[in-house]
Amino acid sequence: MTDLNPGASLRFSHGQATDRGLRRALNEDSLLASERLLAIADGMGGHEAGEIASALCLKILGDGFMDAGAQLDPETLDTLLVEADRSIVEAGSGRAGTTLAGAVLIDAGAASGRAEEPQLLVFNVGDSRTYLWTQGVLQQVSVDHSEVQELMDIGELDAEQAATYPRRHVITRALGINANSQPDYWLVPLAGQERILVCSDGLSSEVGDAAIQEILARFPDPQQASEELVQAALDAGGHDNISVIVADVEHGHPDDVGITIPRISTTSHQEEKS
């Protein structure tokens, strides 16, 4: 992997796909993707409440990203997510919520005025996930806020037991439901040749890491990789809404500030698949 010169411009080349799955009537997931920001929100609350919560979360995040000139840091994200949490509580009367996971490209030297290597700022609330695939190795960067993850952390469950644990879908943090909404953050140094995967648990609960890694390696086009991952989750049962963003980190034009209007989508699967 070639090292990146300090101060070099990076951007995402991304693809995305979403499907309501085979068991759900509605798709409550929302996706946001731009050249510098990726995010997936997995709504909760049933009927249209979850869809409203996830879309509202990403609207506030996307608007804040534009207002910040594509330079988001943990402090700014905290402010935006506090606003999102409050807005979702007001809109859903505390009965609708959403998870959130994603990543943003940041200039590590922006605050200090020094040219430093760009970094990936990964964030999450709940059990939607962000992965990093580089040099043929898949690594989960975010850590689930879930009951099963807490039991794994204290050694009461191993990975095999966690896969069938009856309460594996119970989350411990979310936005909008008067629960713990504190996000976690990770800063990941970048060389400019990484692939990022952001997904709702509709993918990670159906498709194992080995199969995810194989698809990311087999399909170089981010859009095709996204669609293949969603199809793999459908083939495995499609018990939940499935949303995926695959993004390659690429060198951008030196004068490219990377500000684009983020795309938010909540498209739904229309017919049951046999």
Colleague: Are the side chains of Trp186 and Ser142 in contact, using a 4.5 Å heavy-atom criterion?
Modeller: yes
Colleague: Look only at the side chain of Ser34 and the backbone of Arg36, and say whether a donor-acceptor pair between them is shorter than 3.5 Å.
Modeller: yes
Colleague: Less than 4.5 Å apart, any side-chain heavy atom of Val230 and any of Leu203?
Modeller: no
Colleague: Testing the basics here: between His239 and Arg24, what is the closest heavy-atom pair and its distance to 0.1 Å?
Modeller: O-NE, 3.7 Å
Colleague: If only atom types and distance count, is the side chain of Glu51 paired as donor or acceptor with the main-chain N or O of Glu28 below 3.5 Å?
Modeller: no
Colleague: When you check the side-chain N and O atoms of Glu227 and Gln231, is any donor under 3.5 Å from an acceptor?
Modeller: no
Colleague: Roughly how far apart are Thr18 OG1 and Ile245 CD1, rounded to 0.5 Å?
Modeller: 9.5 Å
Colleague: Is Phe219 reachable from Trp133 through a run of hydrophobic residues whose side-chain heavy atoms are each under 4.5 Å from the next?
Modeller: yes
Colleague: Should Ile171 and Leu151 be counted in the same cluster of Ile, Leu, Val, Met, Phe, Trp and Tyr side chains packed under 4.5 Å apart?
Modeller: no
Colleague: Restricting to non-hydrogen atoms, name the atom on Leu38 and the atom on Phe123 that form the minimum distance, rounded to 0.1 Å.
Modeller: O-CZ, 3.9 Å
Colleague: Give, for atom OG of Ser13 and atom CD1 of Ile196, the distance between the pair rounded to the nearest 0.5 Å.
Modeller: 12.5 Å
Colleague: Tell me whether Gln161 contacts the main-chain N or O of Asp158 through its side chain, where contact means a donor paired with an acceptor under 3.5 Å.
Modeller: yes
Colleague: Is there a donor-acceptor contact under 3.5 Å linking the side chains of Tyr185 and Asp78?
Modeller: yes
Colleague: Quick check for you: to the nearest 0.5 Å, what is the distance between Ile88 atom CD1 and Arg86 atom CZ?
Modeller: 11.0 Å
Colleague: Would you say that Val188 contacts Leu132 through its side chain, given a criterion of any heavy-atom pair below 4.5 Å between the two side chains?
Modeller: yes
Colleague: If I take atom OG from residue Ser87 and atom CG from residue Leu80, how far apart are they, to the nearest 0.5 angstrom?
Modeller: 10.5 Å
Colleague: Would you indicate whether the side-chain heavy atoms of Val246 and Arg195 approach each other to under 4.5 Å?
Modeller: yes
Colleague: Test of understanding: clusters of I, L, V, M, F, W, Y form through side-chain heavy atoms closer than 4.5 Å, transitively. Do Met152 and Val170 belong to the same one?
Modeller: no
Colleague: Pairing donors with acceptors under 3.5 angstrom, does anything connect the side chains of Ser30 and Ser54?
Modeller: yes
Colleague: Could you tell me whether Arg129 and Asp144 have a side-chain N and a carboxylate O separated by less than 4.0 Å?
Modeller: yes
Colleague: Locate the shortest heavy-atom distance separating Met44 from Ala174; write the atom from each residue and the value.
Modeller: CE-CB, 3.5 Å
Colleague: Does some side-chain heavy atom of Leu229 sit less than 4.5 Å from a side-chain heavy atom of Leu216?
Modeller: yes
Colleague: About how many Å separate CZ of Arg20 and CG of Asp29, when rounded to the nearest 0.5 Å?
Modeller: 13.0 Å
Colleague: Say whether Ser128 and Thr99, considering side chains only, have a donor N or O and an acceptor N or O under 3.5 Å apart.
Modeller: yes
Colleague: Side chain of Glu147, backbone of Arg167: donor and acceptor closer than 3.5 Å?
Modeller: no
Colleague: Are Leu197 and Val244 packed together at the side-chain level, in the sense that at least one heavy-atom pair is separated by less than 4.5 angstrom?
Modeller: yes
Colleague: Answer yes or no: is there a donor N or O on one side and an acceptor on the other, between the side chain of Thr79 and the main chain of Glu75, under 3.5 Å?
Modeller: yes
Colleague: Kindly indicate, with the supporting measurements, whether the criterion side chain to side chain contact (heavy atoms under 4.5 Å, CB included) is fulfilled by Asp63 and Met66.
Modeller: CA-CA 5 Å; Asp63 289 348; Met66 297 295 290; 5.6 Å; no
Colleague: Mind running side chain to side chain contact (heavy atoms under 4.5 Å, CB included) on Thr172 and Asp127 for me, showing each step along the way?
Modeller: CA-CA 9 Å; Thr172 56; Asp127 61 354; over 6 Å; no
Colleague: Please determine if Asp184 and Arg173 form a salt bridge, counting it only when a charged side-chain N lies under 4.0 Å from a carboxylate O.
Modeller: yes
Colleague: Given side chains that start at C-beta, do those of Asn124 and Leu100 come closer than 4.5 Å, heavy atoms only?
Modeller: no
Colleague: Any idea which heavy atoms bring Ala232 and Ile215 closest together, and the distance?
Modeller: CB-CD1, 3.8 Å
Colleague: Walk me through whether Tyr131 and Gln213 qualify under side chain to side chain donor-acceptor pair (under 3.5 Å).
Modeller: CA-CA 10 Å; Tyr131 292 84; Gln213 179 169 297; over 6 Å; no
Colleague: Quick check on the hydrophobic clustering: are Val141 and Val143 connected, directly or via other members, by side-chain heavy-atom contacts under 4.5 Å?
Modeller: yes
Colleague: Is there side-chain contact between Leu157 and Tyr165, with heavy atoms separated by less than 4.5 Å?
Modeller: yes
Colleague: Going by the side-chain contact (heavy atoms from CB on, under 4.5 Å) test, name the single residue among Cys199, Ser226, Ser200, Ser243 that passes it with Leu31.
Modeller: Ser243
Colleague: Could you go step by step and tell me if Asp153 and Gln149 meet the side chain to side chain donor-acceptor pair (under 3.5 Å) rule?
Modeller: CA-CA 6 Å; Asp153 289 344; Gln149 183 64 52; 2.9 Å; yes
Colleague: Work out which heavy atom in Ala103 is nearest to a heavy atom in Phe12; give both atom names and the distance.
Modeller: O-CE1, 4.1 Å
Colleague: If every non-hydrogen atom of Pro222 is compared with every non-hydrogen atom of His14, which pair is closest and at what distance?
Modeller: CB-C, 3.8 Å
Colleague: Name the one of Leu121, Leu58, Leu61, Leu105 that satisfies side-chain contact (heavy atoms from CB on, under 4.5 Å) with Leu37?
Modeller: Leu61
Colleague: Can you tell me how far the CG atom of Leu10 sits from the CD atom of Glu250, to the nearest 0.5 Å?
Modeller: 9.5 Å
Colleague: Quick one: do Asn241 and Asp19 satisfy side chain to side chain contact (heavy atoms under 4.5 Å, CB included)? Show the steps, please.
Modeller: CA-CA 6 Å; Asn241 303 153; Asp19 196 293; over 6 Å; no
Colleague: Applying the 4.5 Å side-chain criterion to the ILVMFWY set and letting contacts propagate, would Ile60 and Leu81 be lumped into a single cluster?
Modeller: yes
Colleague: Do you see a donor-acceptor pair shorter than 3.5 Å between the side chains of Thr76 and Asp73?
Modeller: yes
